[in-house]
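Heads up: numbering here begins at 1 and tracks the sequence. As the structure lists them, so they are numbered: ligands from 1, and atoms in each ligand from 1.
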Amino acid sequence: MGMRLQGLRVAVTGGARGIGRATAAALAASGARVVIGDIDDEAVAVTAAQLTDTTGAEVIGFRLDVRDPESFEKFLDLAEAGLGGLDVLVNNAGIMPTGSFLEESMDTADRQVDINLRGVIIGSKFAARRFAARRSGHIVNVASILGLVATPDIATYAATKFGVVGLSSALHQELAQFDVRVSTICPAFVNTQLIAGLSPNRITRLIGFVEPEDVARAVVAALVRRRGGLRVVPRIGGFAIALLTSMPEALRIRVGRSLGSHDTVSKADMTQRALYLERADRN
Ligand SMILES: NC(=O)c1ccc[n+]([C@@H]2O[C@H](COP(=O)([O-])OP(=O)(O)OC[C@H]3O[C@@H](n4cnc5c(N)ncnc54)[C@H](O)[C@@H]3O)[C@@H](O)[C@H]2O)c1
């Protein structure tokens with residue numbers, strides 16, 4: 001990757017596994033100094049040690065619950081103390097407990113709002129205050145293509161991701177006057193445990209399926225170019241989303257249904273998905 005981010009001080013939420021872990025690894029490999037936070041304190045310690053081993057750069061792991069403002073403020077304090085300051089916050093932590101809205105418990109709905117949306121509001125606010133005071137910094141929010149186009153059986157999750165897209169777009173504009181950049185990354189389907197058992201249609205498999213490392217590369221690119229704004233990963237999936245969102249809703253729904261994207265969740269293999277759902281429900 002080269003040392004394109006030499007010395008940049010970055011904190012990544014949800015960094016114990018998946019996209020957060022790959023992002024932390026890519027950042028460290030690009031010369032950044034990285035702190036990861038995660039609700040899973042055992043996994044975050046193991047991942048920090050492994051990334052320190054494999055990247056040769058010291059990666060520090062802390063327990064973090066993005067739902068808790070006190071925990072978040074403390075995490076940012078620890079990151080600043082450990083790194084001698086902070087230049088970037090990547091708000092990546094999130095859960096995706098798919099299924100019918102009628103059957104979804106209120107607790108499961110609340111958890112998604114608290115982690116996926118409120119957690120990003122908390123992180124963005126606390127980081128923005130610190131960054132604006134110093135007139136520099138970059139906030140990267142990991143949303144989803146489900147924050148741009150919604151499909152059935154994933155309503156509350158889509159609501160939280162539409163929320164993150166709106167928040168980030170507003171902040172991208174509002175914080176520019178303080179020289180604080182805000183990026184929104186909207187991944188399609190990323191090969192992590194979060195999508196275990198789901199049944200993406202053929203076109204999604206073709207143009208919307210990526211590895212965590214691909215999302216990590218997009219984060220690194222946004223930081224290298226010092227550019228805010230929204231980016232879909234992969235880019236080609238972004239063209240499909242742009243096309244879909246330009247359609248009247250009735251047409252978009254017909255197209256989505258005929259492509260099979262409405263069955264992604266309803267046709268999921270629930271035995272394969274059980275392990276993820278159990279973990280997403282745990283902490
Ligand atoms: N995998 C995909 O297809 C996909 C697509 C689009 C967007 N996303 C988004 O990317 C982000 C990362 O997803 P992933 O696929 O890597 O999932 P993952 O489950 O592999 O990793 C998510 C991490 O977040 C942590 N986390 C959960 N609740 C937390 C909390 N309250 N505080 C701190 N950490 C917490 C988990 O412990 C886990 O380590 C999520 O926001 C997800 O919605 C994923």
Side-chain angles (χ1 to χ4, degrees), residues 11-25 35-48 61-72 74-75 89-98 108 110-120 122-123 140-149 151 154 156-165 168 184-200 204-205 208-216 218-219 231-234 237-238 241 264-265 268 273 275-283:
V12 181
T13 76
R17 58 174 67 72
I19 294 170
R21 179 194 171 115
T23 300
V35 159
I36 55 177
D38 204 288
I39 189 88
D40 189 338
D41 44 358
E42 275 171 40
V44 81
V46 171
T47 297
F62 296 111
R63 184 181 187 278
L64 161 70
D65 185 350
V66 298
R67 292 168 292 188
D68 175 3
E70 247 174 67
S71 170
F72 219 132
K74 195 172 132 212
F75 171 67
L89 173 66
V90 181
N91 285 307
N92 161 78
I95 59 167
M96 193 174 84
T98 44
T108 299
D110 286 344
R111 283 175 60 76
Q112 291 171 84
V113 174
D114 286 349
I115 297 171
N116 298 3
L117 179 56
R118 188 164 171 275
V120 178
I122 294 169
V140 179
N141 291 334
V142 179
S144 166
I145 54 165
L146 281 158
L148 299 166
V149 174
T151 53
I154 193 156
T156 305
Y157 180 85
T160 65
K161 293 299 185 178
F162 267 73
V164 172
V165 168
S168 295
T184 314
I185 304 289
C186 291
F189 280 78
V190 190
N191 188 16
T192 72
Q193 198 192 15
L194 180 132
I195 62 161
L198 294 189
S199 158
T204 305
R205 265 183 242 274
F209 216 95
V210 294
E211 295 297 323
E213 289 72 23
D214 296 310
V215 183
V219 175
R231 156 101 195 259
V232 174
V233 182
I241 297 293
T264 307
V265 178
R273 195 144 179 72
L275 247 162
Y276 171 72
L277 294 177
E278 194 266 320
R279 173 167 68 75
D281 219 31
R282 198 179 305 152
N283 297 295

Region of R21 that comes within reach of ligand 1 [heavy atoms, distance under 4.0 Å]: neither
Nearest-option assignment for atom 3 (O) of ligand 1, heavy atoms, candidates V190, I19, D38: V190
Part of A188 within contact of ligand 1 (heavy atoms, under 4.0 Å): backbone
Structural part of D65 in contact with ligand 1, heavy atom criterion under 4.0 angstrom: both
For F189, atoms of ligand 1 separated by under 4.0 Å from a heavy atom: 3 (O)
Side-chain H-bond candidate by donor/acceptor type, R279 with Q193, under 3.5 Å: yes
N or O contact, L64 vs ligand 1, cut-off under 3.5 Å: yes
Per-atom contacts of ligand 1 with Y276, taking only distances under 4.0 Å to non-hydrogen atoms: 19 (O)
Contact (N/O only, under 3.5 Å) between V66 and ligand 1: yes
A143 and ligand 1 - part of the residue with a heavy-atom distance under 4.0 Å: backbone
From the candidates V164, L198, T160, I39, the one that places a heavy atom nearest atom 34 (N) of ligand 1: I39
Ligand 1 N/O within reach of D40 N/O, cut-off under 3.5 Å: no
